[in-house]
Amino acid sequence: MTVLQEPVQAAVWQALNHYAYMDAVFLAERLYAEVGSEEALYLLATCYFRSGKAYKAYRLLKTHTCSTPQCRYLLAKCCVDLSKLAEGEQVLTGGVLNKQKSQDDIITEFGDSASFTLSLLGHIYCKTDRVAKGSECFQKSLNLNPFLWSPFQSLCHLGEKLDPDQVFRLSSLHIPVAPPPPISPAQNPSHRLDTALMETPQDTLELNRLNLESSNGKLTSDSTVSYIDSSLISPDPCSLLANTVSMGSTGSLLGKPNKPKSGRSLLGGPAALSPLTPSFGILALDPSPGDPGYLQNYSGSLDAQQTAPSKKSVSRIGPSKSVFGQSGNGREVLPIPFSQSQGSAPHSSTSPQVLSPTLVAPPNIQPRRSTRLFTSASSTAKENSKKLKMKFPTKIPNRKTKCKAGLSTPGYQSITLQRAATDMVLYMLRELGRGYQALCCYNCQEAISILSSVPAHHYNTGWVLTHIGRAYFELAEYTQAERVFSEVRRIEAYRVEGMEIYSTTLWHLQKDVALSALSKDLTDMDRLCPQAWCVAGNCFSLQQEHDIAIKFFQRAIQVDPGFAYAYTLLGHEFALTEELDRALACFRNAIRVNNRHYNAWYGLGMIYYKQEKFSLAEIHFKKALSINPQSSVMLCHIGVVQHALKKSDSALETLNRAIGIDPKNPLCKFHRASILFANDKYKAALQELEELKQIVPKESLVYFLIGKVYKKLGQTHLALMNFSWAMDLDPKGANNQIKEAIDKRYLPEDEEPVTEDFLYDSADVEESSMTDADDSQLHTAESDDVL
Amino acid sequence: MATPSKTPPGADPKQLERTGTVREIGSQAVWSLSSCKPGFGVDQLRDDNLETYWQSDGSQPHLVNIQFRRKTTVKMLCIYADYKSDESYTPSKISVRVGNNFHNLQEVRVRTYTGPTSHIYPPKNSPIRTFMIQVAVLANHQNGRDTHMRQIKIYTPVEESSIGKFPRCTTVDFMMYRTIR
């Protein structure tokens with residue numbers, strides 16, 4: 001049975017590696033029909049899932065019992081993709097009706113893929129409103145695997161304050177968990193080595209290397225025992241080292257010397273992994289002929305991994321699981337037979353002769369490794385484990401070449417290089433984590449400074465620049481944000497995440513040409529992403545075509561009902577079309593999706609303000625402010641609402657705070673002036689307005705308010721002058737208020753205020769005569785003033 | 001109040017909407033006609049297409065009734081009539097009445113339109129708050145019996161929202177900070 005499966009499975013994995021999904025599916029279906037085992041089931045489901053047909057995988061796995069963890073994980077993933085969250089949870093934890101497994105049970109059960117399982121479970125919990133449990137799952141997932149970004153991101157979104165320095169750190173816990181048959185003599189050294197590793201990685205690695213060297217000559221399984229005893233190092237750091245080697249940034253490290261270490265790392269491990277180590281030990285030790293094609297074919301390398309374990313007894317099932325996981329095969333915990341069969345043709349070499357003697361000198365390794373990096377599809381590529389996946393393949397060649405190359409100083413150097421690589425990666429994660437966390441807590445200045453200080457080659461990437469742009473956006477520095485976002489567009493024209501923020505920036509800046517170009521680009525590129533439709537909606541909203549904008553925002557919601565910002569924008573559009581009830585519903589939907597979406601809270605406050613329910617408005621604005629305390633616009637709104645509630649002192653205080661945070665915000669000063677005016681503090685108001693005039697000289701509202709102040713002060717000629725300036729600056733003249741203000745003072749007998757010139761031409765004779773009268777009076781006033 | 005009034009040729013409701021000062025609210029109203037020929041009814045009147053029109057089929061005055069769910073501020077009414085294509089069907093004397101219901105209407109404007117026109121805006125001096133508007137065609141050009149009306153749009157003033165009861169800002173710098181979106 002095993003023999004029959006292996007070539008077919010190898011062929012399937014090879015097809016998957018090459019994205020030839022139809023071939024893979026066909027072969028997998030034949031295999032499953034022939035064998036009907038759970039591994040074949042899993043393989044078939046994987047083929048379906050990878051070819052984009054999650055529903056097929058789901059139905060397949062549902063109709064057949066799946067008891068192995070990797071099947072269950074895949075089933076849960078399908079459930080989540082198909083939005084069957086309850087079912088997914090049941091698969092993973094036994095559901096609400098049965099006794100639920102605790103997270104530790106899950107960890108032990110899923111072993112290697114525990115971190116991904118927990119991440120998925122956390123996602124389910126968060127979506128079903130059990131945020132506490134969800135964040136717990138995410139934390140555990142991060143503990144197990146510090147290279148996962150999405151749990152960290154989810155935790156930031158939930159508002160948790162994590163310390164990225166603690167999170168993105170290798171620790172002795174970073175072990176692929178497998179049920180440990182403790183080997184007591186090994187335990188202490190492993191523990192020692194673990195701690196030692198953290199402190200003096202080089203020393204321990206050196207120690208391990210020596211251990212490995214000593215047992216290098218052994219070719220039998222017996223030697224593995226000695227391996228367990230001697231070369232116990234926490235596998236993950238070293239494996240991660242090996243992994244990090246594959247990081248592109250450490251290209252120079254991708255040399256032969258690295259390999260031995262990775263081999264050893266897989267060998268070494270805490271007691272928990274001791275069952276694992278023998279197989280790896282064997283692998284490292286036994287230069288099996290393998291297949292000549294190994295060097296070209298990653299799957300062959302996997303073969304190497306698994307054929308070795310095949311020799312071992314059943315008790316090795318545990319280790320082979322983690323072997324497999326460590327080899328980057330998607331963290332699945334696979335039973336040995338399956339793992340064995342994965343790989344390419346020379347399965348006949350179920351002998352430990354796995355490692356290809358055709359392995360050559362280091363120069364060849366590097367290109368091969370790199371190809372393997374890109375074709376390592378046999379690892380089920382979860383995006384989070386992308387880095388690990390890329391790293392893992394290098395282990396096999398490492399191991400092999402280690403055998404060949406022997407262990408000498410290059411190996412030692414490689415360890416330091418590997419370590420440096422890991423450190424660099426984790427350093428990057430820490431930095432980006434800190435920046436991202438700052439951004440999620442809306443400490444935008446800090447976020448900008450952190451993210452700007454990353455190395456240049458990381459800075460000039462879409463992700464970093466997008467988040468810097470978003471930080472500027474949250475600070476209401478729209479010109480800066482626009483500059484950064486246009487850079488993003490230049491560098492990564494295919495990036496859609498963050499484009500909705502860019503579109504809102506352009507909306508604020510009223511750059512309709514750029515916005516419509518962006519909208520066209522994105523909708524052409526990807527019709528199925530909500531961001532593109534949000535951009536399109538913003539474009540039409542800017543053109544004042546609110547009905548069309550509403551249509552596009554509804555389309556965005558249709559495409560992705562979990563995209564909170566689409567709801568918020570839709571709510572704003574409904575507010576602009578005066579459909580306040582629907583707007584309220586939209587904002588509430590946005591909050592339902594994302595509790596920390598402060599724009600939606602602001603939107604609710606704004607609607608209540610329009611409905612003159614000022615206390616409700618204040619409550620909602622304050623809630624929004626609690627999420628984003630740095631927003632001067634928000635404080636400005638709160639100030640206005642407090643003034644409407646007759647709490648003028650607190651209003652002034654709030655506005656002072658707003659101006660303190662952002663001195664460039666003209667509206668804060670304007671509102672402060674208007675509140676002072678309302679409280680009859682004319683001099684102070686005038687002073688404020690004079691300053692404002694310097695900042696925004698072309699704003700008619702400023703002159704309007706100055707005019708009103710002068711009118712109250714009795715300086716009617718100054719008032720009229722300012723009103724006329726205000727009118728000049730506002731040619732579209734929907735501002736009846738300005739004209740009424742003039743009229744009330746000067747022309748009380750005229751009952752027909754001036755209306756839009758645009759619409760009414762010479763027909764309205766009396767109106768034009770009135771304007772003439774106005775003008776003449778204004779002229780006289782002005783000439784008086786001049787003199 | 002019977003002065004002829006017309007917009008400058010080329011003036012267009014769409015441009016008006018783009019200024020952001022007014023908003024078309026016909027969709028919030030219930031429209032009904034005193035009479036119409038089959039296939040030339042309310043849909044053709046409200047379909048944003050100047051090629052299709054409403055053709056009345058009864059006796060004068062022909063009425064277009066616009067009823068709102070709630071009391072709405074109406075700033076202007078925009079009627080498209082084209083003498084070149086409609087000739088004797090073109091309305092020449094239009095009366096606009098407002099009120100709470102059919103029995104409560106009061107005339108607000110009567111306008112006579114002469115010659116080729118594009119968009120006719122019976123001007124209202126200040127926005128009127130009302131439940132119902134009735135546009136009555138009292139007479140057509142060349143004393144035609146029935147009338148064609150190609151488009152009617154009804155506009156409400158856009159209030160300066162967000163914060164404060166102030167008129168609209170004019171500069172982008174101000175508007176940027178006006179709202180959180």
Side-chain angles (χ1 to χ4, degrees), chain A residues 476 478 504 507-510 538 543-547 568-569 572 575-578 598-599 602-603 606 609-610 624 631-634 636-637 640-641 665-668 670-671 674 695-696 698-701 704-705 729-730 732 734-738 752-753 755-756 758-761 763-765, chain B residues 3-9 11-28 48 69-70 72-73 75-76 78 111 119-127 155-181:
Chain A
Y478 300 119
T504 308
W507 185 93
H508 278 286
L509 292 170
Q510 304 198 359
N538 264 334
Q543 301 296 323
Q544 312 287 346
E545 301 203 22
H546 298 296
D547 295 320
T568 308
L569 290 173
H572 279 291
L576 285 170
T577 49
E578 301 287 324
Y598 79 98
N599 312 56
Y602 162 80
M606 184 188 76
Y609 180 85
K610 280 195 178 192
S631 171
S632 65
V633 183
M634 190 73 71
C636 190
H637 279 74
V640 171
V641 166
N665 188 342
L667 261 163
C668 295
F670 180 79
H671 282 289
S674 74
I695 301 176
V696 199
K698 292 268 171 73
E699 177 59 49
S700 79
L701 274 187
F704 174 66
L705 194 56
L729 285 169
D730 189 10
K732 298 269 170 62
N735 284 333
N736 289 325
Q737 292 190 3
I738 303 181
E752 300 237 315
T755 44
E756 292 76 5
F758 176 65
L759 301 172
Y760 305 92
D761 54 10
D764 292 308
V765 180
Chain B
T3 47
S5 170
K6 41 184 171 168
T7 57
D12 173 27
K14 278 283 178 222
Q15 280 182 14
L16 196 57
E17 278 178 39
R18 282 206 195 96
T19 62
T21 52
V22 291
R23 202 162 45 83
E24 215 270 323
I25 48 164
S27 52
Q28 289 178 14
D48 239 359
R69 275 176 283 139
R70 47 177 190 256
T72 319
T73 315
K75 183 164 181 163
M76 79 179 76
C78 168
R111 295 271 184 205
H119 292 90
I120 312 170
Y121 297 80
K124 296 179 170 35
N125 296 322
S126 58
Y155 289 104
T156 186
V158 171
E159 299 160 14
E160 180 54 20
S161 62
S162 296
I163 26 179
K165 301 275 191 271
F166 285 107
R168 296 180 63 79
C169 334
T170 47
T171 53
V172 179
D173 298 328
F174 240 62
M175 295 215 243
M176 273 190 340
Y177 293 96
R178 203 162 37 115
T179 172
I180 292 179
R181 191 165 165 89

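Letters A, B, ... mirror the listed sequences (proteins, then strands); counts begin at 1. Predicted, not measured: the structure shown is a model, and the values here were computed from it.
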So which atom in B/M176 and which in A/L509 form the shortest heavy-atom distance, rounded to 0.1 Å? SD-CD2, 3.3 Å
Over 60° means perpendicular and under 30° means parallel, so classify the ring planes of A/F670 and B/F174, tilted if in between. perpendicular
B/R181 and A/N538, any side-chain heavy atoms less than 4.5 Å apart: yes
Between A/E578 and chain B, which part of the residue has a heavy atom less than 4.5 Å away: side chain, backbone, both or neither? both
Specify which of A/T568, A/V696, A/N665 makes the most heavy-atom pairs with chain B at under 4.5 Å. A/N665
OG1-CD distance between A/T577 and B/E24, expressed to the nearest 0.5 angstrom: 12.0 Å
Checking A/L705 against chain B: side chain, backbone, both or neither under 4.5 Å from a heavy atom? side chain
Point-to-point distance, once rounded to the nearest 0.5 Å, from OH of B/Y177 to SG of A/C668: 9.0 Å
Side-chain contact test, heavy atoms from C-beta onward, threshold under 4.5 Å: evaluate it for A/M634 versus B/I180 and give yes or no. yes
